[in-house]
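The structure appears below as C-alpha cells.
Both backbone and side-chain heavy atoms feed into the values below; hydrogens, waters and symmetry mates do not. In listed order, ligands and their atoms are each counted from 1.
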Amino acid sequence: MNILVLGSGGREHTFAWKIAQSSRCGQLFVAPGNSGTDTIATNLNISVTDFEAIKEAVILNKIQLVIVGPEDPLVQGIHDFFLQDQALKNVAVIGPQQAAAELEGSKEFAKKFMMRHNIPTAAYASFTKANVEEGYAFLESLNAPYVLKADGLAAGKGVVILNNLDDAKAELKSMLVDSKFGDASAKVVIEEFLDGIELSCFVLTDGKDYKILPTAKDYKRIGEGDTGLNTGGMGAISPVPFATDKFLQRIENEVVKPTVEGLKKDNLPYVGFIFIGLIKVGDDPKVIEYNVRMGDPETEVVLPRLKTDLVTVFEAMANQTLADIDIEIDARAASTIMLVSGGYPEAYEKGKEIKGIDTVTDSIMFHAGCKNQDGKIVTSGGRVMAITSYGETYKEAIKKSYQSIENLSFDKMNYRKDIGFDL
Ligand code: AMP
Ligand code: GLY
C-alpha cells in the first residue's frame with residue numbers, strides 16, 4: 001500500500017525509516033520531509049496544514065494510509081477533513097479527529113478531561129482577561145514556584161514556571177492582557193507545582209483497545225544540568241530506568257486505562273498515538289500533559305525498539321483490530337543525542353555543511369533540520385540531526401551516540417554532553 005507521512009523532523013524520518021522496512025509498504029511519500037526522508041521515500045513539497053494540496057497528492061499517488069507527525073494538522077482537523085471528503089473517506093489516517101486533538105490543543109480541555117475521569121494531575125484553575133484579578137488572588141493563595149500555562153498551542157513555549165509572586169502576576173498579565181502568545185494565551189491555566197522526575201508514556205489506540213509502547217525520557221533544556229531555555233528536545237533515552245514494572249502497572253491502571261475509557265465515554269473517536277507526559281511525585285504518577293502525536297526526539301528512541309512491523313500496527317489501528325496483534329519490543333536500550341545549530345533555541349545560522357556523515361557506522365542518523373543542497377547535506381533548522389544508538393544498557397547506548405558524534409561536525413554545532421546525567 002502507498003503511504004504518506006506528514007512532517008519534516010527527526011520524528012518523521014524515524015517513521016519513514018521504520019515504515020520503509022515493512023513488506024506491506026508500497027510507495028512511501030513524506031510531506032514536506034527532509035534530506036533523510038529523501039533517501040528512503042519521495043518528498044512532496046507540501047505544507048502539513050495545506051489540506052487541499054495534501055488531498056491532491058493522496059489522490060494522485062493512490063495513498064491509502066496517512067501518518068500525521070506534528071500536532072498542528074490534527075488540531076486543525078485533518079482527520080475530519082478526510083472523513084468528510086468523498087474521495088478521501090476510505091483513506092486511513094493515524095491521528096485523532098479534531099475534538100480529541102483538543103487534549104493537546106487546549107490545556108483547559110485536557111485538565112477538565114482528567115478531572116472528569118479521575119486521572120491524577122496537578123490541581124488547577126483557569127482565568128481569562130475578564131477575571132485576571134481573581135487570577136492574581138489565586139496566585140497569592142499558592143506557594144512558589146508558580147506554573148502558568150497558555151491554554152492553546154504556543155510552539156512548546158506556552159508554559160512558564162516562576163519562583164517569585166510578583167513575576168508570576170506580571171507573567172499572568174502579559175499572557176492575558178498583553179496577549180503574549182496571541183490567542184493561545186487568551187485563557188491561562190495556573191497549576192499546582194509538582195516536584196518530581198519526568199518521563200513519557202506512549203500509547204497506541206484504535207479507539208477500542210490500546211497497546212503501550214516503551215517509555216522514554218527527553219531532555220528539554222538547552223543547557224547541561226537541565227539549565228537554560230526550553231527546546232524541542234536535546235536528547236532522549238528508552239526505556240526509563242526508574243520506571244519499574246510496579247510503577248508501569250500503576251501508570252497503566254491509573255492513567256492509561258481511564259484515558260482510553262474516558263475517550264470512549266466522552267464520545268471522542270481516537271485512532272492514533274497518545275503521548276502522556278508524566279511526573280513521578282514520590283511513588284505516584286501524575287499527568288502533566290497529553291500530546292496527540294509522538295514526541296520528537298522520543299520517537300527516535302521508541303520506534304527503533306519496536307520489533308513489530310509498523311505498517312501492520314497502523315493497519316490494525318485503522319481497522320480497530322489492535323487487540324489482535326502483539327507488540328514486540330527490543331530488550332536493548334536506545335539513546336538519541338540531538339545536534340543543534342549554535343544559538344538555538346534563539347537565533348541561529350543555516351546552510352552549514354554537515355561533515356562526516358559517511359563515517360558513522362555504529363549509530364542511526366535521523367535527519368531533522370537538514371537539507372540536500374547540490375549533493376551536500378546542510379543545516380536548515382535549529383534541531384539538525386538525532387544520533388540514535390542501541391546498547392545493552394542506556395549508558396552504553398549513550399556512549400555509542402557520543403562516539404559517533406566525534407565523527408560529525410558543522411560550523412557552530414552544539415549538543416548536550418550530559419544526556420542521562422540525572423538517572
Ligand atoms: P507542558 O508543555 O505542559 O509539558 O509543560 C512543559 C514543562 O513544564 C514540563 O515538561 C515540565 O517540566 C514543566 N511543568 C509543567 N507543568 C508542571 C507542573 N504542574 N509542575 C511542575 N512542572 C511542570
Ligand atoms: N519532546 C517533546 C515533544 O515532542 O513534545
Side-chain angles (χ1 to χ4, degrees), residues 7 9-12 14-15 68-72 74-75 103-111 114 119-126 139 142-163 168 171 181 184-185 188-202 215-222 226-238 240 273-282 284-303 336-338 340 345 366 368 382-383 386 416 419 422:
R11 168 180 53 207
E12 288 75 20
T14 313
F15 272 126
V68 186
E71 62 277 16
D72 277 333
L74 294 168
V75 173
L103 283 178
E104 178 162 0
S106 163
K107 299 274 186 204
E108 191 190 41
F109 179 91
K111 295 301 284 192
M114 288 185 257
I119 296 163
T121 187
Y124 83 105
S126 51
L139 284 169
L142 300 174
N143 295 319
Y146 305 94
V147 183
L148 283 76
K149 300 186 172 186
D151 180 59
L153 290 184
K157 297 192 173 69
V159 176
V160 182
I161 300 179
L162 295 162
N163 283 314
E171 182 66 30
F181 298 106
S185 64
V188 172
V189 168
I190 301 179
E191 262 186 29
E192 164 199 14
F193 179 81
L194 298 174
D195 197 5
I197 185 158
E198 284 177 54
L199 75 159
S200 299
C201 165
F202 302 92
T215 53
K217 176 164 178 37
D218 82 333
Y219 290 80
K220 288 200 179 78
R221 302 290 199 93
I222 186 71
D226 283 340
T227 54
L229 293 173
N230 257 325
T231 71
M234 296 293 290
I237 55 141
S238 176
V240 178
F273 292 92
I274 314 173
F275 163 171
I276 309 175
L278 294 160
I279 191 156
K280 182 171 181 271
V281 182
D284 301 331
K286 302 229 180 199
V287 178
I288 297 181
E289 64 165 348
Y290 288 110
N291 295 305
V292 296
R293 52 173 173 86
M294 276 299 288
D296 193 351
E298 292 90 334
T299 306
E300 288 93 306
V301 290
V302 171
L303 285 190
T336 200
I337 313 289
M338 193 61 85
V340 304
F366 291 118
R383 290 196 294 169
R416 267 182 69 169
I419 298 303
D422 54 341

Ligand 1 contact on Glu192 by region, counting heavy-atom pairs under 4.0 Å: backbone

Atoms in ligand 1 flagged as close to Ile288, the criterion being non-hydrogen separation under 4.0 Å: 3 (O), 4 (O), 15 (C), 16 (N)

Gly232 to ligand 2, any heavy atom closer than 4.0 Å: yes

Candidate pair Arg293 and Asp72, rule salt bridge (Lys or Arg N to Asp or Glu O under 4.0 Å), full reasoning: CA-CA 10 Å; Arg293 52 173 173 86; Asp72 277 333; over 6 Å; no

Test item: Asp218 side-chain N/O and Glu298 main-chain N/O as donor-acceptor pair under 3.5 Å: no

Short side-chain to backbone donor-acceptor contact, Asp151 and Lys107, under 3.5 Å: yes

Any Gly295 heavy atom less than 4.0 Å from ligand 2: yes

Value rounded to 0.5 Å, distance of CG in Leu74 from CG in Leu153: 10.0 Å

For atom 10 (O) of ligand 1, the protein heavy atom that lies nearest, with its residue and separation: Glu198 OE1, 2.8 Å

Val292 backbone acceptor or donor facing Glu104 side chain under 3.5 Å: yes

Heteroatom distance test (Asp218, ligand 2): nitrogen or oxygen, under 3.5 angstrom: yes

Nearest-neighbour protein heavy atom for atom 1 (P) of ligand 1, which is reported as residue plus atom name and distance: Glu289 OE1, 3.5 Å

Numbered atoms of ligand 2 (with element) below 4.0 Å of Phe275, judged on heavy atoms: 3 (C), 4 (O), 5 (O)

Close approach of Arg11 to ligand 2, heavy atoms, under 4.0 angstrom: no

Glu198 and Leu278, any side-chain heavy atoms less than 4.5 Å apart: no

Nearest non-hydrogen protein atom, atom 19 (N) of ligand 1: Glu191 OE1, 2.6 Å

Atoms in ligand 1 with a heavy atom of Lys220 nearer than 4.0 Å: 10 (O)

Considering all heavy atoms, the nearest Ala150-Phe181 contact: CB-CD1, 3.9 Å

Side chain, backbone, both or neither: Asp195 near ligand 1, heavy atoms under 4.0 Å: neither

Protein residue, atom and distance nearest to atom 3 (O) of ligand 1, heavy-atom basis: Lys107 NZ, 3.1 Å

Heavy-atom nearest option to atom 23 (C) of ligand 1, drawn from Asp218, Ile161, Val160, Val159: Ile161

Which of the ligand 2 atoms, numbered from 1, are nearer than 4.0 Å to a heavy atom of Glu298: 1 (N), 2 (C), 4 (O)

Non-hydrogen side-chain atoms of Phe273 and Val302 separated by less than 4.5 Å: no

Residue Lys149 vicinity, atoms of ligand 1 by number, heavy atom under 4.0 Å: 3 (O), 15 (C), 16 (N)

Protein contact to atom 20 (N) of ligand 1 [nearest heavy atom, distance to 0.1 Å]: Leu194 N, 2.8 Å

